[in-house]
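Report on the following structure.
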There are 2 protein chains.
Amino acid sequence: MLTNRQLLVLQVIIDEFIQTAQPIGSRAISKKDGVSYSSATIRNEMADLEDLGYIEKTHSSSGRVPSEKGYRFYVDHLLSPFHLSSSDMRVIKHTFDRGMVEFEQVVQKSAKVLSDLTNYTSIILGPEVFETKLKQIQIISLSDTTAVAILVTNTGHVEHRSFSVPTEIHPSDLEKLVNILNDRLVNVPIVKLQEKLYTEIAQLIDTFTSDLDKAYQYLKAALLDEQPVKLYVGGKTNILMQPEFKDIEKIRSLYSVIEREDKLANILRSNSDGIKVSIGHENKIEEMADCSLITATYSLGDVQMGTIALLGPKRMEYSRVISLLNVLSNQLSKTFNSWY
Amino acid sequence: MLTNRQLLVLQVIIDEFIQTAQPIGSRAISKKDGVSYSSATIRNEMADLEDLGYIEKTHSSSGRVPSEKGYRFYVDHLLSPFHLSSSDMRVIKHTFDRGMVEFEQVVQKSAKVLSDLTNYTSIILGPEVFETKLKQIQIISLSDTTAVAILVTNTGHVEHRSFSVPTEIHPSDLEKLVNILNDRLVNVPIVKLQEKLYTEIAQLIDTFTSDLDKAYQYLKAALLDEQPVKLYVGGKTNILMQPEFKDIEKIRSLYSVIEREDKLANILRSNSDGIKVSIGHENKIEEMADCSLITATYSLGDVQMGTIALLGPKRMEYSRVISLLNVLSNQLSKTFNSWY
DNA sequence: TGTTAGCACTCTTATCTGTCGAGTGCTAAA
DNA sequence: TTTAGCACTCGACAGATAAGAGTGCTAACA
């Protein structure tokens with residue numbers, strides 16, 4: 001168990017390091033407001049904190065910097081509830097007040113606000129098709145040989161696929177087919193689509209002409225194409241401003257992760273609920289060992305819809321960032337719930 | 001007018017510098033295959049080339065590097081027609097052979113191929129709405145208060161907007177409205193949509209009930225929202241590998257441009273036809289003064305559809321890159337033309 | 001017993017110095 | 001016209017030195 005004084009010292013070190021990114025010396029701590037001990041006393045405490053693994057030296061005669069264990073402790077026990085500055089709140093309110101009606105727009109603006117306010121990189125995982133249901137299928141012929149299929153979900157999400165139509169398939173067949181599909185598939189969860197298409201519908205189709213079957217084969221291929229993950233990243237270049245990333249190699253390896261949207265999406269998805277903080281090596285991805293990732297979820301009703309996250313150096317303004325994510329995830333949930 | 005020997009020396013310097021990124025000395029040139037003069041002779045020629053502004057020294061006793069004027073001359077006069085290696089061709093063919101049917105997919109894969117093959121950053125400007133025509137408008141109600149409007153163009157492009165519907169608007173009104181719109185607007189160029197909506201349609205609506213007018217107001221707002229530019233960027237991190245960008249400041253300023261999609265789109269749009277090379281300060285954007293940008297266009301029939309570009313250091317493999325862009329822009333045009 | 005002052009020690013950082021080598025420009029000879 | 005030779009320039013690199021920040025330890029003090 002840490003003594004009160006040790007807690008104080010640890011807190012000062014981390015608070016200070018978060019601001020300056022420089023190792024903190026005993027003298028600097030003893031001169032801080034609220035600290036009434038001499039530098040020698042502080043030195044003793046620091047030696048103990050180092051033994052316990054909460055802080056580290058960068059070299060044998062340097063000041064101390066927080067270790068990952070130190071950050072973890074800080075986040076778990078030392079975080080004071082933070083009140084967002086009124087200017088922060090104003091910016092957020094202002095963003096959400098201008099009555100946006102489109103999903104992408106809301107998410108994109110949110111990502112921008114987040115990265116602008118924090119100078120970190122924001123990542124938002126768009127709504128999963130999970131639990132969303134099919135509202136309608138439409139097929140529109142563009143020419144004799146091409147058509148575009150449009151799927152609309154109950155959340156207002158639109159997916160579309162162009163596909164080529166062999167000339168031997170008659171437009172009326174397509175139309176019939178779409179009617180069948182709409183009959184059978186409306187309100188089916190998107191994740192069940194594939195299954196339904198392969199069993200129930202396939203059987204039904206069999207009872208019709210072979211022309212219809214051919215049309216079905218084409219449409220099926222178009223509909224079941226893997227759907228890209230919707231990921232919105234804001235402020236990618238903010239990372240470049242952080243002094244811990246003055247090394248090009250680090251930037252390169254980190255960017256190589258950020259560009260891999262599928263990987264990133266998986267990481268974000270792993271957060272089931274609430275706010276989660278991953279510090280340094282707590283991140284499963286080796287390349288993110290120098291970063292912290294803070295994720296929060298937003299939802300539609302009771303259904304979790306997506307994830308919103310901030311990626312920055314381990315030396316993050318945890319308190320502020322967590323408050324911001326809280327406010328923003330609530331805003332997102334509120335906005336979406338107001339729509340449906 | 002440059003002598004043949006000067007041409008030779010200039011060519012060797014640029015070829016060599018493109019490969020090594022190091023200043024080239026007279027001795028290195030004289031030892032090259034195809035050069036049968038002593039280093040002293042080369043030195044004299046180099047002094048002349050420097051006076052003429054084609055090459056520069058990095059310091060008073062260094063080897064020479066090409067100047068922008070030198071690159072310009074190289075691109076205009078010294079470029080030998082380059083034949084793509086068979087492996088390059090294979091990669092491209094392989095990408096386009098797998099029967100893609102969707103616009104976004106094709107463009108995205110193209111961007112990836114380009115950046116992978118060159119280790120530069122590829123930028124593709126998606127099809128402009130210019131000249132595309134409206135194929136169909138659909139409105140699908142999601143709930144009592146929300147609906148999504150879908151526009152399909154003759155090029156298979158799909159745009160959608162969610163919007164909220166006040167309860168006083170009856171679904172049947174919306175339906176009527178859509179029928180009117182489809183009647184009047186199908187085959188109207190997208191760029192003319194706004195105009196038409198404001199004049200012709202507005203008048204027509206006036207003759208109906210005021211309910212319809214209200215629905216129209218809502219729909220109009222949804223349809224006329226500014227449409228985002230479609231820009232696909234591949235291999236952003238490739239820039240980090242170039243030795244000329246080992247300085248973080250340069251990366252930051254360059255990335256700040258790449259992230260500004262609207263700005264980037266404007267630059268690409270300025271290329272009207274064929275292949276265009278912008279070297280260093282020839283780029284209007286100050287931040288791109290250390291880069292070269294090579295753009296090519298692709299088209300549907302006679303109509304120019306979009307632009308495809310590569311961004312790299314001034315020290316680019318111009319010959320290969322130009323060939324690649326040629327092949328790829330043709331492939332794109334061919335693919336799209338085969339669809340419609 | 002907890003706290004503090006003092007001091008030797010360690011390590012980083014910046015600056016300066018001298019040396020080496022690559023490359024040039026010029027001159028004179030072939 | 002071409003080339004060999006040579007003095008000169010400049011950057012890169014390796015030590016050397018000094019300054020400064022910070023520590024750990026010991027002894028004195030309350």
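Just so we're on the same page: letters track the sequence lines, and every chain starts at 1. These numbers come from a predicted model, not from an experiment.
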note = Between CZ of A:R5 and C1' of C:dG2 the distance, given in whole Å, is 8 Å

request  = Measure the distance from CG on B:L49 to C1' on C:dT24 and round it to the nearest whole Å.
outcome  = 15 Å

task = Please work out which residues in residues 17-33 of chain B have a non-hydrogen atom less than 4.0 Å from an atom of DNA chain D and list them by number.
result = none

inquiry  = Run the side chain to side chain contact (heavy atoms under 4.5 Å, CB included) test against B:Q108 and tell me which residues pass, sequence neighbours left out.
reply    = B:Y232

query = Can you name the closest pair of heavy atoms from B:I24 and B:I13 and give their distance?
reply = CG1-O, 3.8 Å

message = How many whole angstroms separate atom CD of B:E45 from atom C1' of C:dG23?
response = 17 Å

inquiry  = Measure CG/B:D51 against C1'/C:dT24 and give the value in whole Å, please.
reply    = 14 Å

remark   = With the side chain defined as heavy atoms from C-beta on, A:A40 is closest, among D:dA4, C:dG25, C:dA5, to C:dA5

task = Could you list all the salt bridge (Lys or Arg N to Asp or Glu O under 4.0 Å) pairs where at least one residue sits in residues 12-27 of chain B, not counting sequence neighbours?
result = B:E16-B:K32

query = Quick one: ring pair (Phe, Tyr, Trp, His ring centres under 6.0 Å) pairs with a partner in residues 23-45 of chain B, sequence neighbours left out?
reply = none

query = Do any pairs count as a ring pair (Phe, Tyr, Trp, His ring centres under 6.0 Å) and have a residue in residues 246-279 of chain B, sequence neighbours left out, and if so which ones?
reply = A:Y255-B:Y255

query = For C:dT12, does either OP1 or OP2 sit under 4.0 Å from a side-chain N or O belonging to A:K57?
reply = no

query = Excluding sequence neighbours, so at least two apart, what forms ring pair (Phe, Tyr, Trp, His ring centres under 6.0 Å) with B:H77?
reply = B:F73

query = Nearest 0.5 Å, what's the CG-CG distance between B:L10 and B:D48?
reply = 12.5 Å

task = Before giving the answer on side chain to side chain contact (heavy atoms under 4.5 Å, CB included), spell out for A:L268 and A:L293 the whole-Å C-alpha distance, their side-chain angles and the decisive distance to 0.1 Å.
result = CA-CA 9 Å; A:L268 293 204; A:L293 181 74; 4.1 Å; yes

message = Checking A:K246 now: which residues fulfil side chain to side chain contact (heavy atoms under 4.5 Å, CB included) with it, not counting sequence neighbours?
response = none

Do any N or O atoms of the protein come closer than 3.5 Å to N or O atoms of nucleotides 27-30 of chain C, and which pairs are they?
none

task = Could you work out which one of C:dG25, D:dG24, D:dT3 sits closest to the side chain of B:E50?
result = C:dG25

Length of the CG-C1' vector between A:L8 and C:dT3, whole Å = 16 Å

message = Rounded to whole Å, how long is the line connecting atom CD1 of B:I42 with atom P of C:dT24?
response = 10 Å

key: Interatomic distance, A:Q6 CD vs C:dT3 P [rounded to whole Å]   = 11 Å

query = What ring pair (Phe, Tyr, Trp, His ring centres under 6.0 Å) pairs are there with at least one residue in residues 269-292 of chain B, not counting sequence neighbours?
reply = none

key: B:E249: side chain to side chain contact (heavy atoms under 4.5 Å, CB included) partners, not counting sequence neighbours   = B:D247, B:R252

key: 5' priority, DNA chain D, between A:R43 and B:R43 [closest heavy atom]   = B:R43

query = For DNA chain D, what residues of residues 58-67 of chain A have any heavy atom nearer than 4.0 Å?
reply = A:S61, A:S62, A:G63, A:R64

request  = For A:K112, enumerate each residue passing the side chain to side chain contact (heavy atoms under 4.5 Å, CB included) test, keeping only those at least two apart in sequence or located in another chain.
outcome  = A:D116

ask   = What is the distance from CG of A:D48 to C1' of D:dG24, rounded to the nearest Å?
value = 13 Å

